[in-house]
Structures are given as structure tokens and as C-alpha cells.
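Okay, structure first, notes after.
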Amino acid sequence: MDVLLIGGGGREHALAWAIAKSPMLGKLFCAPGNAGIAAVAECVTVDVSDHASVENFCKMMSIGLVVVGPEAPLVAGLADDLRAAGIPVFGPSREAAQLEGSKAFTKSLCDRHNIPTARYRHFNDISDARAWVEQEGAPIVIKADGLAAGKGVTVATTVGEALTALDDCMAGGGEVVIEECLVGEEASFFVLSDGTSILPLATAQDHKRAFDGDEGPNTGGMGAYSPAPVMTPDLVNKAIQRIVEPTVKGMAAEGMPFAGVLYAGLILSDEGPKLIEYNIRFGDPECQVLMARLDSDLLEILLAVAKGELDGVTANWRDDTALTVVMAANGYPGSYEKGSKIEGVEAIDEDEAIVFHAGTARNGEDLVATGGRVLCVTGLGKDVTEAAAKAYAGVGKIHWPGGFNRTDIGWREIEREKSKR
Ligand code: AMP
Ligand code: GLY
């Protein structure tokens, strides 16, 4: 079977790398892809925002499955249009994609189905919102409604900070969700659903801040590891029973079944896991660590989701922990230069570390940086400490003066592992 993968980041390189191992695969295409993906797929130029041209490409190439990596095309209804044309797609409908696209949608779904989450109010009037913040006090969380690419959330420690955030979000007439501030460690949990059946995948934790010690601005993620030992089997069961199952059942009952990957961002509070947010795609860089550990045929699993045949499908995982370190361009997540040369990647053997490319391209023979997050160097080991050592040994072989990386990915878990020894 020939497959079209949509996207060009580290997440998509990990997906392409796993799909390429499938005995079911004929040819893999990726739009737009990157220099790493080009090793396992044919990178093609298809305008993903033009659904008719994606459909034409699929028909011309007899594509048997389209796998959509990022959220934006899903929120724009790409999966609906391709399915309407008879093309199997891994990725939810536009309606189901509201789980990520609209915070207000998800909060009200949680209300209707008793899903544990932070108490909240939704406002479209700035003076009502200000009055609520002044009444509730700080800490308090302000979230712009709509897709904000990981930005748009302010955890305000003072009322003043909260009011400034409201001005930023609502100045142009925007809407906000204001939430109670939850306390606890964060973890991510990934499940697949075909609309009715659920296949739990794995847990992960990422590091959102740019610099060591979880300091600096928020980013898309500077590193991640899986599994996240803090998500004990008991917490996983609670997350499935209290959060994921009611969501999947609720969406189906309300006529908008969710088919795709559901990424639950959780806070592990004293009362058990609470939902912070849903994403309707794999996390980036969480996908890289999930794929490094997956010991089943990814293509077969994604196809089962697309066809509504997930019941009875299982996913096997290596016992190893996987940890990935993101190498980003100097200046990220602010402005950064493009085109700087990267050396040493080819010298890393996959047994040492798997290097997933994010923002890379070829300039002649040279590998050059073209994005903010550029490489994801991934190690496998018996625990987080060992996986981190492997990943950082890989990082050490890469010569890229134009980039930087955090040196403490996995620190929380590494400290816990140290104290157990
Ligand atoms: P989100 O974009 O909704 O994932 O929010 C970004 C980050 O803000 C999360 O990863 C949390 O660290 C934090 N956050 C979001 N909502 C809350 C909340 N209700 N209480 C505490 N922290 C939160
Ligand atoms: N790493 C966080 C995300 O993909 O949203």
C-alpha cells in the first residue's frame, strides 16, 4: 500500500521512520517532509491547504492511506474532504478536531460528561472577564480560545498579570477561558480511537521551557521521554476510565465520533488525573519517543483506526525508556537564522541514537537548519538516566554552532532514579 504522510517536523520523521518499517508499505510520500524524511520517503510539494489538490494527488498515486501529522489541516477539515472522496485517512474530522481547536468546546464537553478538569468560565466580554479575575484572585489561568500553537496560555501568579493577559487575548474581540490553577506534575497520555474502540498507547513527559531548569519562554517542546514512570498503572487506569472513555463515548453519542490519536495533557493532582487540554495529534517531540519504543506495525494500526477496525488491535512496546533531546536554532522560540550548516549527523549509528529531523533541508550536500526546532536526538536505555546518556552522547557528535539544546532533559525522573539507587 502507498501512503501519503502530511507534515514536515520531527513528529513526521518519527512517523515516517516507523511506517517505513511496515511490510505492508509500498511507497511512502511525504508533503512537504524534510531532509531526514527524504531518507525513507519521497518528499513532494502538495499544497495541503488546497484539499482538492491533495485529493488529486491521492487519486493519481492510488494512495491507500493518508496520515495527517499536524493539527491545522485537521481543524480545517482535510480529513472530512478526503474521506468524502473515498480516501482512507488517519486523523479526526473537523468537528472532532474541536477537542484541540476550541478550549471552550472541550470544557463544555467535560461538563456534560463529568470529566475531571479545572473549574472554568468562558468569556467574550472583557469587562465581565476582568470582573471575574478580580473576584477569583491569583493564581489563575487565562487561555485564548482557538488554536494558538502552544502559546495563548498564561498561568498568572498575580491579578495584574492576569489582567494584562486578558488585554492581550481580548483586545481584538477574542474569547477566553479562565481556569482555576491546578497543582501537580504534568504528564501526557496518548490513545488511539476509531470512534468506538480505544487503544491506549503510552505515557510521556515533555519539557516545554527553552532553557535548563525549566526556565525561559515556552516552546513546542525541548525534549521528552516515554514512559513517564510518574504515570503509574493506577493513574493510567484512572485516566482511561475517568477521562478518555467518557470523551470517546461522549463524542460518539453527540454525533461527532473521534477517530485518530487523542493526546491528553494531564495534571496529576491529589484527587487523581485532571485534564488540562486535548490535542488531536501526536505530540512533538513526544511522538519521537513513542515511535522509538513501538514494537508493532504502525501502518497496520493506523489503517485499523482509519477503517474503524481498531477493536482487538494491540500495540507492543519495547521495555526500554526512550528520551529525545531537541536541538534548536539559536534564538528559538524567538527569531532565529536559517541556513546554518550542521555536521556529524550521518556519523551517528541508529544503535547509538536515532536522529529525527525537524527543520532541516539539503543545500547541495550540506545539511542545513531551516526551522526553529531542527533535530531530535533520541536514545533508548533501561531507564531515563541511561536513555539520556545515549541521547546526549549522540548530541555530542553533532557539530552545529548555529544551535543549542537543553542539557537536563529528564531531570525530574533522573533525580528520582538516583534517590532509588
Ligand atoms: P495548554 O496550552 O492548555 O496545554 O497550557 C499550557 C500549559 O499551561 C500547560 O502545559 C500547563 O503547564 C499550564 N496550564 C494550563 N492550564 C492549567 C491549569 N488549569 N492549572 C495549572 N496550569 C495550567
Ligand atoms: N510537545 C507538546 C505538543 O506537541 O503540543
Side-chain angles (χ1 to χ4, degrees), residues 66-68 71 73-84 86-122 143 145-147 175 177 179-180 182 188-203 235-267 269 271-283 301-315:
V66 177
V67 178
V68 185
E71 64 278 14
L74 296 167
V75 172
L78 177 62
D80 308 66
D81 289 339
L82 293 177
R83 273 197 280 267
I87 301 158
V89 188
F90 175 82
S93 68
R94 183 203 322 248
E95 265 193 313
Q98 290 180 89
L99 282 175
E100 174 163 358
S102 166
K103 297 200 188 289
F105 173 89
T106 300
K107 291 307 260 186
S108 74
L109 184 92
C110 289
D111 278 352
R112 292 196 295 283
H113 300 282
N114 270 320
I115 296 164
T117 184
R119 275 189 308 111
Y120 79 103
R121 289 279 185 107
H122 179 231
K143 300 185 174 186
D145 203 11
L147 282 186
E175 302 187 8
V177 166
E179 286 185 8
E180 136 197 43
L182 296 174
S188 307
F189 182 43
F190 294 85
V191 303
L192 296 178
S193 177
D194 61 359
T196 30
S197 299
I198 292 168
L199 172 61
L201 292 180
T203 59
L235 288 173
V236 167
N237 281 335
K238 285 185 173 133
I240 293 174
Q241 283 162 16
R242 298 178 185 176
I243 298 175
V244 173
E245 278 178 359
T247 300
V248 169
K249 283 190 183 142
M251 292 291 285
E254 294 183 23
M256 37 191 169
F258 179 88
V261 58
L262 192 58
Y263 157 178
L266 306 172
I267 282 200
S269 77
E271 298 156 42
K274 291 195 177 182
L275 181 72
I276 315 173
E277 61 158 358
Y278 273 130
N279 295 302
I280 48 118
R281 51 170 175 87
F282 283 102
I301 295 173
L302 299 182
L303 196 63
V305 171
K307 293 196 162 170
E309 295 168 359
L310 191 60
D311 191 22
V313 173
T314 53

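Side-chain contact check for Val248 versus Val191: every heavy-atom pair is 4.5 Å or farther apart. Residues Glu100 and Leu74 fail the side-chain proximity criterion, which asks for heavy atoms closer than 4.5 Å. Between Leu109 and Thr247, some side-chain heavy-atom pair lies under the 4.5 Å cut-off. Using a 4.5 Å heavy-atom cutoff, the side chains of Val261 and Leu192 are in contact. Residues Pro246 and Arg242 fail the side-chain proximity criterion, which asks for heavy atoms closer than 4.5 Å. In this structure the side chain of Val236 never reaches within 4.5 angstrom of the side chain of Pro200, judged on heavy atoms.
In this structure, Asn279 contributes its side chain and Tyr263 its backbone to no donor-acceptor pair below 3.5 Å. No donor-acceptor pair closer than 3.5 Å links the side chain of Ser269 to the backbone N or O of Pro273.
Using a cutoff of 4.0 Å between basic side-chain nitrogens and carboxylate oxygens, Glu277 and Lys143 are not scored as salt-bridged.
To the nearest 0.5 Å, the span separating CG on Leu235 from CZ on Phe189 amounts to 10.5 Å.
Residue-environment remark: CG (Asn237) exceeds the threshold of 12 foreign heavy atoms within 6.0 Å.
In terms of the side-chain hydrogen bond (donor to acceptor under 3.5 Å, both in side chains) criterion, residue partners of Lys107 (sequence neighbours excluded) are, by chain and number, Thr117, Glu179. For Asp81, the side-chain hydrogen bond (donor to acceptor under 3.5 Å, both in side chains) partners are His51, not counting sequence neighbours.
Contact record, Tyr278 with Ala264: CE2-CB, 3.7 Å, taken as the closest heavy-atom pair.
Within the structure, the ring pair (Phe, Tyr, Trp, His ring centres under 6.0 Å) test picks out no pair touching residues 91-113 (sequence neighbours left out).
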